[in-house]
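Naming: A, B, ... by sequence-line order, numbering from 1 per chain.
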Amino acid sequence: MLLVTLVDVSGAVAATRSRSRKTELLAELFLAAGPEDAPLAIAYLSGRVPQGRIGVGWSTLREAPAPAAAPSLSLHDVDAALDGLAAVAGKGAQAERKRRAAALLGAATEAEQRFLVGLLTGEVRQGALDAMAAEGLAAASGVPAEEVRRAVMLRGALVPVARALLAGGRAALGAFRLTVGRPVRPMLAGTAASVAEALTALGSCAVEEKLDGIRVQVHRDGERVSVWTRTLEDITERLPEVVEVARALPVSRCVLDGEVIAYDGAGRPRSFQEIAGRTGSRTDVAKARALVPVVPVFFDVLLVDERELLDAPFARRHRELAGLVAEENRVRRYVVEESGAGADALAGAEAFLAETLGRGHEGVVVKDLGSPYSAGRRGAAWRKVKPVHTLDLVVLAAEWGHGRRTGKLSNLHLGARGAEGELVMLGKTFKGLTDAMLAEQTERLLELSLSDDGRTVRVRPGLVVEVAFDGVQRSSRYPAGLTLRFARVVRYRPDKTPEEADTVEAVREAGAGAA
DNA sequence: TTCCGACAGTGGGGTCGCAAT
DNA sequence: ATTGCGACCCCACTATCGGAA
């Protein structure tokens with residue numbers, strides 16, 4: 001199949017907002033590709049490259065060569081070029097990657113170049129990625145979408161499922177079962193504004209500690225142990241402590257879900273930054289381990305010996321977990337039975353949240369005790385509750401938006417008042433803004449404009465915004481040495497002047513309170 | 001008819017490893 | 001030794017479609 005065929009379909013998918021139409025277009029293309037080309041077509045149209053890390057990003061692709069006049073590239077040509085790129089390493093790698101990328105782009109037409117650049121920078125913006133591609137695959141093969149989705153969740157990837165389905169038909173999906181040694185997509189949590197809201201939504205539930213670390217899925221088969229992240233990266237080699245804990249469990253096979261954290265000398269949880277640094281270290285694991293030893297803390301189990309538990313209710317899965325894993329390697333929890341739901345249960349759950357925060361953790365996750373493990377879904381069955389802080393900050397500048405925000409000032413630079421009354425930048429945010437707010441802030445900020453370099457508009461201090469955030473973290477980027485974690489705009493404060501905005505000192509205190 | 005679950009889009013800061021400077 | 005880049009970790013929120021209620 002020619003790349004141009006796929007690029008045309010991507011354009012058509014982007015041009016319609018109807019999801020059912022997108023699904024039809026994808027299905028037609030997958031059928032046309034045939035078993036030979038469909039895996040590549042599906043990978044590219046779901047915004048992925050099979051090679052994974054290829055070391056090519058925006059910077060490498062900045063200056064594209066003149067486009068080809070006529071399309072000639074096939075999907076296999078692209079695949080071969082990406083194989084070549086992925087294999088480049090060592091001295092001169094940057095230049096060699098640039099050369100190879102330019103050769104590929106030079107063989108592509110203008111439209112093909114745009115698609116390839118988007119694909120390689122993770123910005124295939126056609127309003128249909130992984131989940132829509134799975135829908136398209138289901139439509140193309142005449143198999144219920146639910147079965148395709150489940151197979152993808154259990155295999156952890158779409159392309160192998162597509163290959164099997166197109167070659168072997170619906171019956172081939174039976175092979176995709178929970179398999180020890182092969183990770184499934186983890187179940188994710190939705191949010192709730194308060195414990196009360198979560199309890200009302202869920203009935204019989206467990207309120208569990210939410211730990212601020214790295215999500216891990218651990219598989220053990222005999223002496224063989226593997227550890228994966230949320231996106232199913234294999235990090236077994238980096239976390240020997242986790243392997244040791246798994247090997248010591250009194251079973252021969254199991255699949256566990258949990259979080260890796262670290263404690264300081266006083267037994268308080270260390271910051272996310274420290275844990276992430278440790279988990280990311282792979283060159284000298286022994287040294288990293290000595291500095292920041294980690295501990296796995298599990299909250300779910302998907303398989304024990306021959307018992308597959310994905311579809312078992314959470315209450316049953318937790319009984320299995322408690323029988324398998326020592327208390328110090330399990331999250332603390334507070335159980336609310338439906339029969340006991342009421343003021344007492346709410347008070348108990350809220351007290352548990354307060355204790356959890358007091359121990360230095362992030363918040364709680366409230367989980368429906370009757371729910372199965374919905375691999376890969378941001379299930380309504382799990383709801384996280386975290387405290388939110390807010391401050392009033394001054395807009396110092398704003399960046400022009402991209403995509404659907406083109407022509408609107410979007411990303412706000414936020415400042416607090418310093419000791420001398422000067423404004424100190426603390427970070428940026430583009431979150432929480434409705435279309436109406438985007439339109440209004442664009443107009444107001446342009447009135448306050450001091451300069452515009454085409455990317456960033458600097459403004460006179462005038463606009464004050466109420467910003468919500470989860471906490472304060474150390475920063476090497478901003479002058480005060482700190483920045484807000486997950487900042488988002490709640491509302492404008494037209495009633496406040498920049499002189500009435502919060503101070504850096506107040507931000508620091510909010511951070512201390514949050515920790 | 002209205003409501004709500006699921007998706008995609010729009011990006012944020014920190015950290016590590018690698019190659020270039 | 002420092003810097004730039006890519007890739008990954010954590011993530012919040014809004015708009016929209018289309019099926020459920």
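Residue A:Lys287 is out of contact with every strand shown, counting any heavy-atom pair closer than 4.0 Å. Looking at heavy-atom distances under 4.0 Å, A:Lys428 makes contact with sugar-phosphate atoms alone, never a base. Across all strands, A:Glu123 comes closer than 4.0 Å to no nucleic acid atom at all (heavy-atom distances). Nucleic acid contact class of A:Leu433 (heavy atoms, under 4.0 Å, all strands): sugar-phosphate only. Using a 4.0 Å heavy-atom cutoff across all strands shown, A:Gly90 reaches sugar-phosphate atoms only and no base atom.
A ring-ring contact (aromatic ring centres under 6.0 Å, His included) check over residues 464-486 of chain A, counting only residues at least two apart or in different chains, returns the pairs A:His389-A:Phe469.
In the set B:dT10, B:dG14, C:dC8, the nucleotide with an atom closest to the side chain of A:Arg404 is B:dT10. Side-chain proximity of A:Phe486 to C:dC9, C:dA12, B:dG14: nearest is C:dA12.
A:Pro160 meets the side chain to side chain contact (heavy atoms under 4.5 Å, CB included) test with A:Arg155, A:Ala157; sequence neighbours excluded. Residues passing the ring pair (Phe, Tyr, Trp, His ring centres under 6.0 Å) test with A:Trp228 are A:His219, sequence neighbours excluded. Residues that satisfy the salt bridge (charged side-chain N to carboxylate O under 4.0 Å, His left out) test with A:Arg332, not counting sequence neighbours, are A:Glu209. A search for side-chain hydrogen bond (donor to acceptor under 3.5 Å, both in side chains) contacts involving A:Thr231 returns A:Thr229, not counting sequence neighbours. For the side-chain hydrogen bond (donor to acceptor under 3.5 Å, both in side chains) test, residues two or more places apart in sequence or in another chain that qualify with A:Arg99 are A:Glu96. Under the side-chain hydrogen bond (donor to acceptor under 3.5 Å, both in side chains) criterion, A:Asp502 pairs with no residue, sequence neighbours left out. With sequence neighbours excluded, the residues satisfying side-chain hydrogen bond (donor to acceptor under 3.5 Å, both in side chains) with A:Glu135 are A:Arg149. Annotation: salt bridge (charged side-chain N to carboxylate O under 4.0 Å, His left out) contacts of A:Asp452 (sequence neighbours excluded): none.
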(request) Go along nucleotides 1-6 of chain C 5' to 3' and tag each nucleotide: B for a protein heavy atom under 4.0 Å from its base, S when only backbone or sugar atoms are that close, - otherwise. (result) ----SS
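Listed by residue number, there are no residues of residues 124-133 of chain A with a heavy-atom contact under 4.0 Å to DNA chain C.
The pair A:Asp368-A:Arg383 fails the salt-bridge criterion, with no side-chain N (NZ, NE, NH1 or NH2) lying under 4.0 Å from an Asp/Glu carboxylate O.
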Please list each protein N or O that sits under 3.5 Å from an N or O in nucleotides 18-21 of chain C, with the distance.
from   : atom 1 : to      : atom 2 : distance (Å)
C:dG18 : OP1    : A:Ser18 : OG     : 3.0
C:dG18 : OP1    : A:Arg19 : N      : 2.8
C:dG18 : OP1    : A:Ser20 : N      : 2.7
C:dG18 : OP1    : A:Ser20 : OG     : 2.7

